[in-house]
Amino acid sequence: MSLILTPNIPDTDGLYQELVEAHDGLSAEESEAFNARLILTLANHIGDRDVLRQAIEVVRKSSGGNVQN
Amino acid sequence: MIEDRYSTASTLYPYCRVSDQDAEPRRHPVVIVGAGPVGLALALDLGQRGTPTLVLDDHEGPGAGSKAICFAKRTLDIAHRLGAAKKMVEKGVVWNVGRVFYGGEQLFEFNLLPESGHRHPAFINLQQPYFEQYLIECIRVEQSKGTPIEIRGRNQVTALTDKGDFVALEVDTPEGTYKIEAEFVVACDGARSPTRDMMGLSFDGRVFEDNFLIADVRMEAELPTERWFWFHPTFAPNVQSTLLHKQPDDIWRIDFQLGWDIDRDKELDPSRICSRVDALLSSQTGDVPDYELHWTSIYTFQCRRMQEFRKGRIFFAGDSAHQVSPFGARGANSGVQDAENLAWKLDLVLKGLAPSALLDSYSSERTFGADENILNSSRATDFMTPKSKAATIFRDAALDLARDHAFARTIINSGRLSVPCVYDGHAHFVQDALTNGPEVTRPGAPCPDAPVEGGFLLDNLKGNFTVLAIGFDCSKLKLIDGVAVDVLCIHKPSEYLQERYLGGGKSAVYLIRPDQHVVGRWPEFSEDKIRAALLTALGKEPI
Ligand SMILES: Cc1cc2nc3c(=O)[nH]c(=O)nc-3n(C[C@H](O)[C@H](O)[C@H](O)COP(=O)(O)OP(=O)(O)OC[C@H]3O[C@@H](n4cnc5c(N)ncnc54)[C@H](O)[C@@H]3O)c2cc1C
């Protein structure tokens, strides 16, 4: 299976809000820990090593913070 | 003069003058440098095959102190063939339950409940000097039967040169030096291998920036025979992790992970060690039982290996060839697998029954095994000693999740069970011809045990090539190209044997190497196919 990179969440705005709100009141450290737990939980759900490898690669290549033109 | 580099647990091979010391250099078929567990296992294996073997060690018995304690099933299986396993299992502590704690709280427990239908448990705990002692006892029994094995204590190899058709060695003793020659030399001289240094060969890898304080404590405690592992233990505020594990003789191994920047002398102060041990014990039992410190030391760990384990007529086996961190117990366990891989090959080459090119497969197979062990123990060590902030965050996330969720428990890594590697795709094995055959017995795999009439399957794999025919009456194979072949016909396979060797089918034929790895397997008996596979296994072109 290949990693889905086209829109795939029925309620994107709702999910986005939920993600951000889950961090409300958390310190920067707690947020990092929360994200790590979330990643591990989602990774287990996906369970497909190929898909996960592709995801890591895609994220590695996306510029993350330093926008370059 | 030969200096003691360490104290010994007992004197098992005292120095004794031999005629070689007064003679012109005498040629020995195999000289093994080092009588550690690997050198001894190799000597026993070679000797039992009838190849004269000389072991030189610069001490007179096994080193005292905290080294290996966990011996895995594969080591017991090999020791069983060599004759030492019974004592190991009788003396050893069998354990199955492990508990993982995070802070003051238990996260989960696991049970290595041994799969049924094997002679040996998954693991036993036994102090390394006992293992070495039992191997020596087997060697003494063999010697009394005339088996050609000799061990010379206080014999230090100080120089060696590969002369092309033999190796010249210089040996130092309390009564001066002498010279010998060998057709083959196996350096089983440990992680600091002087042989490797004398040959100028490199030993590259990673040092883990961490110190482990190891305290072996003698006490009669009412603690269960389990492996307990703490991440961030509350009883030891600055310690990353702690391990508690039982050994025979009421001795408990305690490992404290102290970190990189420590004052070694201060940490080795017995009163400081006792305060750590007191805190651990009182947090578990409420008070501090009587105990004494049996042995203490501080270790740092490395994972590294030589590029090749063969250089001409000189071989490297055990810690001299590869070193791993102890999490997962892969040091001695994998070294014993090196020994069993090399013994039959050297024996057949020396007897002229296999081409010397077969010896290259020792290096290719065992470097492959070493890489797998290094990978596993590096991963365990990286989990325990996270290398970055992100690694720490993920580690702690997994620990937090493990309390409630089974999936996260599988991420927690304080060492994975040591299992032998499968030589998938290696040159001396043939294509799997048994459709739907079980994975565990594919070509390259070590044979798993299974009950057979009167005992266990592995009892019947005695060190020759073996044809295992399940559900067949097979013809009377004896010798192929001069190489002895044992035939084992099983007409009524036990359920376990069916599950592990037949899969769905009704019958199968296996060709198994002397080291109990599967060469090939077929649904039907065909002498031609077995012969061709055997020639492949020996490194001869199939005729
Ligand atoms: C704290 C700790 C815990 C461990 N736990 C485990 C475990 O649970 N399970 C496991 O499988 N492994 C474990 N290991 C690893 C295990 O101890 C080693 O892998 C094992 O000792 C290697 O055996 P060896 O025969 O290759 O070398 P060694 O045991 O080092 O033996 C080498 C021998 O060669 C001799 N020698 C050296 N130079 C010369 C010379 N020039 N001439 C003659 N003789 C010489 C030495 O005196 C010595 O007797 C542990 C190690 C440590 C430190």
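Lettering follows sequence order; numbering is per chain, from 1.
- Rounding to the nearest 0.5 Å places CZ of B/Phe407 at 6.0 Å from CG of A/Leu40.
- By the neighbour-count criterion of 12 heavy atoms within 6.0 Å, atom CD of B/Gln431 is sparsely surrounded, having that number or fewer from other residues, nucleotides or ligands.
- The number of heavy-atom neighbours closer than 6.0 Å to CG of B/Asn238, taken from other residues, nucleotides and ligands shown, is 12 or below.
- Atoms OG1 and NE2, on A/Thr41 and B/His405 in that order, are 6.5 Å from each other to the nearest 0.5 Å.
- Interface remark: B/Ala390 contributes no atoms to any contact with chain A (heavy atom separation under 4.5 Å).
- Counted within 6.0 Å of CD on B/Gln307, heavy atoms from surrounding residues, nucleotides or ligands total 12 or fewer; the atom is thus considered open.
- With respect to chain A, the highest number of heavy-atom pairs below 4.5 Å among B/Leu401, B/Asp400, B/Asp396 belongs to B/Leu401.
- Environment of CG in B/Asn111: crowded, with over 12 heavy atoms of neighbouring residues, nucleotides or ligands closer than 6.0 Å.
- Residue A/Leu38 does not touch chain B at all, counting heavy-atom pairs closer than 4.5 Å.
- Across all non-hydrogen atoms, the minimal contact from A/Ala36 to B/Ala397 is CB-CB, 3.6 Å.
- Annotation: B/Arg379, atom CZ; neighbour count of heavy atoms from other residues, nucleotides and ligands within 6.0 Å does not exceed 12.
- For residues 4-19 of chain A, a heavy-atom distance under 4.5 Å to chain B picks out no residue at all.
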